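Data block below; observations after.
Computed from a predicted model, the values in this text were never measured in an experiment.
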Amino acid sequence: MIEIIVNDRLGKKVRVKCMPEDTIGDLKKLIAAQTGTKPEKIILKKWYSTYKDHITLDDYEIHDGMNLEMYYC
């Protein structure tokens with residue numbers, strides 16, 4: 001189990017625990033459960049790369065304690 005920190009740069013910082021085999025879509029659902037935002041409205045990025053929903057955290061090499069940027073559309 002890994003813990004990922006998601007920051008929306010508007011003052012909301014969320015810590016989410018998930019498995020490395022989970023997809024980005026699964027991670028968005030966990031974030032949505034904590035923030036009250038719909039998962040379809042969440043965009044996860046790291047620098048300039050946007051993460052796609054169907055790819056796993058392992059494939060993106062997202063590790064324990066990593067920070068991601070969250071944007072709303």
Side-chain angles (χ1 to χ4, degrees):
M1 185 150 274
I2 61 174
E3 185 177 59
I4 298 167
I5 299 135
V6 183
N7 189 355
D8 70 351
R9 298 186 174 194
L10 298 172
K12 193 178 289 184
K13 203 172 199 180
V14 181
R15 292 177 174 263
V16 181
K17 291 191 184 277
C18 56
M19 300 300 288
E21 302 83 33
D22 290 346
T23 63
I24 294 293
D26 296 336
L27 178 61
K28 285 183 181 181
K29 289 176 188 171
L30 293 171
I31 294 167
Q34 287 192 12
T35 61
T37 310
K38 293 183 180 178
E40 308 88 47
K41 299 279 186 186
I42 296 173
I43 299 171
L44 295 176
K45 290 186 179 184
K46 182 73 173 181
W47 290 93
Y48 295 107
S49 59
T50 303
Y51 295 129
K52 307 288 182 198
D53 286 354
H54 63 282
I55 300 177
T56 65
L57 302 177
D58 257 350
D59 292 339
Y60 276 125
E61 298 180 358
I62 295 175
H63 305 295
D64 188 31
M66 198 162 171
N67 291 305
L68 298 179
E69 301 161 6
M70 177 170 58
Y71 297 94
Y72 306 106
C73 65

Report yes if the side chains of [X] and [Y] come closer than 4.5 Å at any heavy-atom pair, otherwise no.
{"X": "Val6", "Y": "Ile4", "value": "yes"}
{"X": "Leu68", "Y": "Leu27", "value": "yes"}
{"X": "Leu44", "Y": "Ile24", "value": "yes"}
{"X": "Asp26", "Y": "Cys18", "value": "no"}

- prompt: Which side chain to side chain donor-acceptor pair (under 3.5 Å) pairs, counting each pair once, include a residue from residues 13-22, with sequence neighbours left out?
  reply: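 Applying side chain to side chain donor-acceptor pair (under 3.5 Å) to every pair that reaches into residues 13-22, excluding sequence neighbours, yields Glu3-Arg15.
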query: Does Ala32 have any side chain to side chain contact (heavy atoms under 4.5 Å, CB included) partners at least two apart in sequence or in another chain, and if so, which?
result: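 Per chain and number, Ala32 pairs via side chain to side chain contact (heavy atoms under 4.5 Å, CB included) with Pro39, Ile42.
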task: Write out all pairs satisfying salt bridge (Lys or Arg N to Asp or Glu O under 4.0 Å) with one or both partners inside residues 36-65, taking only residues at least two apart or from two chains.
output: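 For residues 36-65: Lys28-Asp53.
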- request: Would you give the length of the straight line joining atom CD1 of Ile43 to atom CG of Asp8, rounded to the nearest 0.5 angstrom?
  value: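 One gets 12.5 Å once the value is rounded to the nearest 0.5 Å.
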- prompt: If you round to the nearest 0.5 Å, how far is CD of Glu69 from OG of Ser49?
  reply: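 Ser49 atom OG to Glu69 atom CD measures 8.5 Å (nearest 0.5 Å).
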task: Given side chain to side chain contact (heavy atoms under 4.5 Å, CB included), test Ile5 with Met66 step by step and report yes or no.
output: CA-CA 6 Å; Ile5 299 135; Met66 198 162 171; over 6 Å; no
task: Please name all residues satisfying side-chain hydrogen bond (donor to acceptor under 3.5 Å, both in side chains) with Asn7, sequence neighbours left out, ordered by chain then number.
output: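 Per chain and number, Asn7 pairs via side-chain hydrogen bond (donor to acceptor under 3.5 Å, both in side chains) with no residue.
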- prompt: Can you list the other members of the hydrophobic cluster that holds Met1, where links are side-chain heavy atoms under 4.5 angstrom apart?
  reply: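 Other cluster members: Met19.
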task: Locate the shortest heavy-atom distance separating Pro20 from Thr56; write the atom from each residue and the value.
output: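 Distance-wise, the nearest heavy atoms are O-CB, 4.1 Å.
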task: Please report the shortest heavy-atom distance between Val16 and Val14, naming the atom on each side.
output: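 So the minimum-distance heavy-atom pair works out to CG2-CG1, 3.8 Å.
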message: Show every ring-ring contact (aromatic ring centres under 6.0 Å, His included) that has at least one partner inside residues 52-72, sequence neighbours left out.
response: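 Qualifying pairs, neighbours excluded: Tyr51-Tyr60.
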